[in-house]
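A short write-up of the structure that comes next.
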Amino acid sequence: MASKTLGRVVCPIGCGHTAAQVKLKTDKEAGKTAYPYVHCAGCGIQLHTRGDEQAAHLLGMTRPEGAPTTPAGDPLPVIPLPVPMTLPAPPPVPPAPKKQAKVFDGLLFGSAP
Ligand SMILES: [Zn+2]
């Protein structure tokens, strides 16, 4: 279970940890491809890539291990979420009239011919 740390990313599920490790197994069986994965020490999630394209996306967002983040020492600036627009309330929809069905519509216990 040996692995090496390639760099750091913000937790992919947004737990707030900004330095989740991007790692690569170094003891993969011969003939098998090792793809990088994320391990977040904040929430414990592991996110494994399974192919070249996924690995490329992950590595593209990975910052080098030990790289400075921001001058203030904050790992990454927090990008505020867009303020949700306030939409006017939709007009009230009258409830659909319920069908007044007889019990099984007489199929099971219908009157004899
Ligand atoms: Zn996390």
Side-chain angles (χ1 to χ4, degrees):
M1 293 287 285
S3 61
K4 66 176 180 179
T5 300
L6 302 175
R8 303 279 177 159
V9 293
V10 174
C11 175
I13 63 168
C15 77
H17 190 56
T18 55
Q21 289 181 300
V22 177
K23 303 176 91 174
L24 186 68
K25 280 180 66 93
T26 56
D27 58 353
K28 200 78 175 173
E29 295 173 37
K32 299 221 174 183
T33 305
Y35 292 107
Y37 65 97
V38 178
H39 176 230
C40 177
C43 66
I45 193 172
Q46 289 188 2
L47 177 78
H48 292 261
T49 58
R50 304 284 186 206
D52 291 336
E53 184 177 357
Q54 296 171 353
H57 284 302
L58 175 58
L59 294 176
M61 63 188 283
T62 302
R63 64 181 185 273
E65 178 79 337
T69 50
T70 63
D74 294 327
L76 281 178
V78 175
I79 301 171
L81 295 174
V83 177
M85 292 183 0
T86 303
L87 298 175
V93 177
K98 291 185 178 179
K99 180 183 172 190
Q100 296 295 323
K102 299 174 189 167
V103 176
F104 300 114
D105 283 337
L107 291 176
L108 295 178
F109 307 107
S111 57

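In this text, all values refer to a predicted model and were calculated from it rather than measured experimentally. Atoms within a ligand are numbered from 1 in the order they appear, just like the ligands themselves.
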- Task: First locate atom OG of Ser3, then atom NE2 of His39, and finally report the distance between them rounded to the nearest 0.5 Å.
- Result: 9.5 Å
- If every non-hydrogen atom of Val22 is compared with every non-hydrogen atom of Thr62, which pair is closest and at what distance? CG2-OG1, 3.4 Å
- Task: Tell me, with the steps shown, if Glu65 and Thr5 meet side-chain hydrogen bond (donor to acceptor under 3.5 Å, both in side chains).
- Result: CA-CA 7 Å; Glu65 178 79 337; Thr5 300; 4.8 Å; no
- Message: For a 4.5 angstrom cut-off between non-hydrogen side-chain atoms, does Tyr35 reach Lys25?
- Response: no
Name the atoms and distances for all side-chain donor-acceptor pairs under 3.5 Å in residues 45-59, with sequence neighbours left out.
{"residue": "Gln46", "atom": "OE1", "partner": "His48", "partner atom": "NE2", "Å": "3.1"}
{"residue": "Thr49", "atom": "OG1", "partner": "Pro36", "partner atom": "O", "Å": "2.5"}
{"residue": "Gln54", "atom": "OE1", "partner": "Arg50", "partner atom": "N", "Å": "2.5"}

- Taking 2.8 Å as the upper limit, name the protein N, O or S atoms near the Zn ion (ligand 1). Cys11 SG, Cys15 SG, Cys40 SG, Cys43 SG
- Taking all atoms of both residues into account, what is the closest heavy-atom pair of Cys43 and Ile13, and its distance? SG-CD1, 3.8 Å
